[in-house]
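We number each residue from 1, following the sequence as shown. Given the structure is predicted, the values throughout are model-derived calculations rather than measurements.
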Amino acid sequence: VTKETARGPLILARLGEGCFIGTIRALLYGEYERNATVTAEGNVRLCILDAEPLYHEYSLLSENFRKLLISLDRRLRILNQKAVQVYIKENLDDESVKNKVNPDKFQTETELYIIKKGSADIIGKGLRENFRLLTLNSDDVFGRIPFMDFGHEPGSASVMVSNPIEVEKIDSRYLQSEYDNLSQTFKNFIFNTATNISMTTNLIYTLLSRT
């Protein structure tokens with residue numbers, strides 16, 4: 001998976017057996033603007049997913065679960081853009097957070113929140129200094145997701161909020177029960193998104209270590 005940049009193509013990820021090409025937005029909206037190029041290396045056998053049953057499963061999820069999935073998709077798209085920004089060394093000084101990020105009431109090991117108003121920055125714990133990975137806005141979700149860990153908050157990143165901010169706590173146990181009732185294909189689809197977020201985050205840290 002590559003992205004064209006001013007310095008030439010940047011490899012965002014290498015996908016193998018069992019990986020999905022495409023995101024939740026493709027499932028929901030069909031045609032949408034591509035932001036990367038996927039090129040086969042040798043002979044590749046693909047299985048085209050039947051979107052209708054997957055969309056039906058999605059439509060039966062609670063509003064908060066649907067917003068969580070869309071928020072994860074946005075998170076991945078922003079991280080892809082951030083990787084390009086770091087690769088071409090564009091405005092990196094604005095993304096460094098040299099002062100220690102002080103814990104606040106949202107810095108918790110167990111809770112999950114959805115933003116109703118305002119914004120929150122996800123601050124990655126880099127090798128040399130903290131780094132702003134992305135900014136979340138209204139309807140985005142942050143905190144401990146019970147069924148996935150992609151190397152962000154709460155364990156490997158901090159949450160820095162702006163004022164004023166309004167958030168709503170999400171019932172993680174209910175989300176877990178919804179997840180448990182999904183088909184294995186849909187679970188794999190979610191896991192694939194988490195894996196891509198983790199890979200892109202690691203890529204950003206690797207590129208930062210070279211700058």
Residue F65 excluded, over 12 heavy atoms near CZ under 6.0 Å: yes
Are any of the side-chain heavy atoms of L61 and L68 separated by less than 4.5 Å? no
From CA spacing to verdict: side chain to side chain contact (heavy atoms under 4.5 Å, CB included), D121, L134: CA-CA 6 Å; D121 291 333; L134 69 154; over 6 Å; no
Of all heavy-atom pairs linking T206 and S209, the shortest is O-OG, 2.6 Å
Test item: N181 side-chain N/O and S177 main-chain N/O as donor-acceptor pair under 3.5 Å: yes
Assess whether side chain to side chain contact (heavy atoms under 4.5 Å, CB included) is satisfied between V1 and T37, documenting all intermediate values. CA-CA 6 Å; V1 182; T37 299; over 6 Å; no
For the atom pair NZ (K117) and CD (E166), what is the distance rounded to the nearest 0.5 Å? 5.5 Å
Flag side-chain contact, heavy atom, 4.5 Å: D180 against Q176: yes
Side chains of K187 and Y179, heavy atoms from C-beta outward: is any pair under 4.5 Å? yes
CD (Q85) and CG (L207) are apart, to the nearest 0.5 Å, by 11.5 Å
Does F131 reach the side chain of L133, with side-chain heavy atoms less than 4.5 Å apart? yes
Carefully, step by step, assess T135 and I78 under the rule side chain to side chain contact (heavy atoms under 4.5 Å, CB included). CA-CA 9 Å; T135 299; I78 293 172; over 6 Å; no
Check: H56 main-chain N/O paired with S59 side-chain donor or acceptor under 3.5 Å: yes
Does any part of the side chain of E57, heavy atoms only, come nearer than 4.5 Å to the side chain of L182, both counted from C-beta? yes
For the student: nearest non-hydrogen atoms of L112 and G143, plus distance: CD1-C, 3.8 Å
With M148, the side-chain contact (heavy atoms from CB on, under 4.5 Å) member among T195, I190, T193: I190
Using 0.5 Å steps for rounding, measure from the OG1 atom of T23 to the CZ atom of R74. 12.0 Å
What about Y55 and L69, same hydrophobic cluster or not, with Ile/Leu/Val/Met/Phe/Trp/Tyr joined at side-chain heavy-atom distances under 4.5 Å? yes
Step by step, work out the side chain to side chain contact (heavy atoms under 4.5 Å, CB included) result for L10 and T2. CA-CA 5 Å; L10 169 65; T2 59; over 6 Å; no
In short, A36 meets L12 closest at the heavy-atom pair CB-CD1, 4.3 Å
Let me confirm one number: the CD-CG distance from E63 to D139, rounded to the nearest 0.5 Å. 7.5 Å
S71 side chain to K67 main-chain N or O, any donor-acceptor pair under 3.5 Å? no
So do the side chains of N80 and L76 get within less than 4.5 Å of each other, counting heavy atoms only? yes
State, yes or no, whether a side-chain contact exists between H152 and L79 at a heavy-atom distance under 4.5 Å. yes
According to a hydrophobic-cluster definition based on side-chain heavy atoms being under 4.5 Å apart (Ile, Leu, Val, Met, Phe, Trp, Tyr only), do F191 and F186 belong together? no
More than 12 heavy atoms of other residues, nucleotides or ligands under 6.0 Å from NZ of K169: yes or no? no
Can you tell me how the ring of F189 sits relative to the ring of F20, calling it parallel under 30°, perpendicular over 60° and tilted otherwise? perpendicular
What pair of heavy atoms forms the shortest contact from F150 to I145, and how long is it? CE2-CD1, 3.9 Å
What one should report as the nearest heavy-atom pair of Y174 and S62 is CE2-CB, 4.0 Å
Kindly give the heavy-atom pair with the smallest separation between I197 and T201, and that separation in Å. O-OG1, 2.8 Å
So does R144 pair up with E153, basic N to acidic O under 4.0 Å? no
Under a 4.5 Å cut-off applied to non-hydrogen side-chain atoms, are D140 and N137 in contact? yes
CD1/I11: more than 12 non-hydrogen atoms of other groups inside 6.0 Å: no
If you measure from CG on L49 to CD1 on I21, what distance do you get to the nearest 0.5 Å? 10.5 Å
Roughly how far apart are E168 CD and Y113 OH, rounded to 0.5 Å? 12.0 Å
Step through the shown structure and confirm whether more than 12 heavy atoms of other residues, nucleotides or ligands are within 6.0 Å of CZ on R7. yes
